[in-house]
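This report concerns only the one structure given below.
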Amino acid sequence: METRCARGLEHVAIAVKDLDAAVHYYVHVLGFAPPELEVVAEQKVRTAIFGHGMGRIELICPTDSSSGVAKFLEKRGEGLHHICVEVDDIVATLAELKAKGAALIDEVPKIGAGGAKVAFIHPKGAHGVLTELRQGGR
Ligand code: CO
């Protein structure tokens, strides 16, 4: 019996080296309204979020060289870092994914941007794209 957990694309996250320069591009070249800025201490990143509700764009920039995003930038350069899928019940979704053998990075949700509960699926088990699951938050 399949349970349908995913509600849709919550955001895409793009790793950037210089947050101010990237924000300038999104606002002054692409024409987005100024973003909501946040420091996510647990993930050692600063974020700039464009848009509201589903389908937002999130720029992420490391605050520390030990951040996973810093390592990503070193290895791959700027670009798509992850997609985020909104789910109704992240704990139940993680249990279901684990039972199906998904390559979970987080078996227990942590707190992400906007105070949401988040957990990541490794790109090796997600057709090459780091995938965030998210429940709640702003
Ligand atoms: Co994200």
Side-chain angles (χ1 to χ4, degrees):
M1 180 73 137
E2 292 284 311
T3 310
R4 295 280 167 236
C5 301
R7 297 179 54 179
L9 181 67
E10 216 279 342
H11 62 266
V12 296
I14 297 163
V16 301
K17 289 178 179 167
D18 180 337
L19 191 63
D20 293 340
V23 165
H24 186 273
Y25 168 78
Y26 275 80
V27 172
H28 296 287
V29 179
L30 288 182
F32 278 90
E36 189 176 319
L37 300 169
E38 185 177 341
V39 174
V40 185
E42 193 173 329
Q43 291 169 40
K44 296 182 185 143
V45 293
R46 290 196 299 147
T47 65
I49 296 171
F50 295 91
H52 298 280
M54 302 284 275
R56 290 172 296 166
I57 297 173
E58 177 184 82
L59 305 180
I60 51 179
C61 185
T63 56
D64 188 282
S65 60
S66 69
S67 161
V69 178
K71 287 166 195 153
F72 176 94
L73 284 168
E74 258 172 50
K75 227 166 98 179
R76 313 246 312 247
E78 291 186 312
L80 179 67
H81 182 266
H82 65 268
I83 63 168
C84 176
V85 173
E86 175 79 15
V87 299
D88 290 322
D89 182 337
I90 195 166
V91 172
T93 301
L94 287 170
E96 187 173 341
L97 286 171
K98 193 178 176 187
K100 289 176 177 173
L104 299 180
I105 293 173
D106 306 299
E107 293 195 3
V108 174
K110 54 193 185 185
I111 300 302
K117 290 180 190 166
V118 303
F120 285 88
I121 306 168
H122 197 281
K124 76 183 176 200
H127 299 271
V129 180
L130 177 64
T131 303
E132 177 182 15
L133 304 171
R134 176 184 168 104
Q135 179 193 346
R138 292 195 308 277

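First listed ligand is number 1; within each ligand, the first listed atom is number 1. All values below come from the heavy atoms of this structure, side chains included, with hydrogens, waters and symmetry mates left out.
Put simply, CD1 on Ile57 and CG on Leu30 are 7.5 Å apart, with the number rounded to the nearest 0.5 Å.
Within 6.0 Å of NZ on Lys98 lie no more than 12 heavy atoms contributed by other residues, nucleotides or ligands.
Nearest N, O or S atom of Glu58 to the Co ion (ligand 1): atom OE1. Of all the N, O or S atoms in Glu132, the one closest to the Co ion (ligand 1) is OE1. Closest approach between the Co ion (ligand 1) and any N/O/S atom of His82 involves NE2.
A parallel orientation is assigned to the rings of Tyr26 and Phe50, their planes being inclined by less than 30° (bins at 30° and 60°).
The closest side-chain donor-acceptor pair between Glu58 and His81, if any, does not fall under 3.5 angstrom.
The Co ion (ligand 1) has an N, O or S atom of His11 under 2.8 Å away, backbone or side chain.
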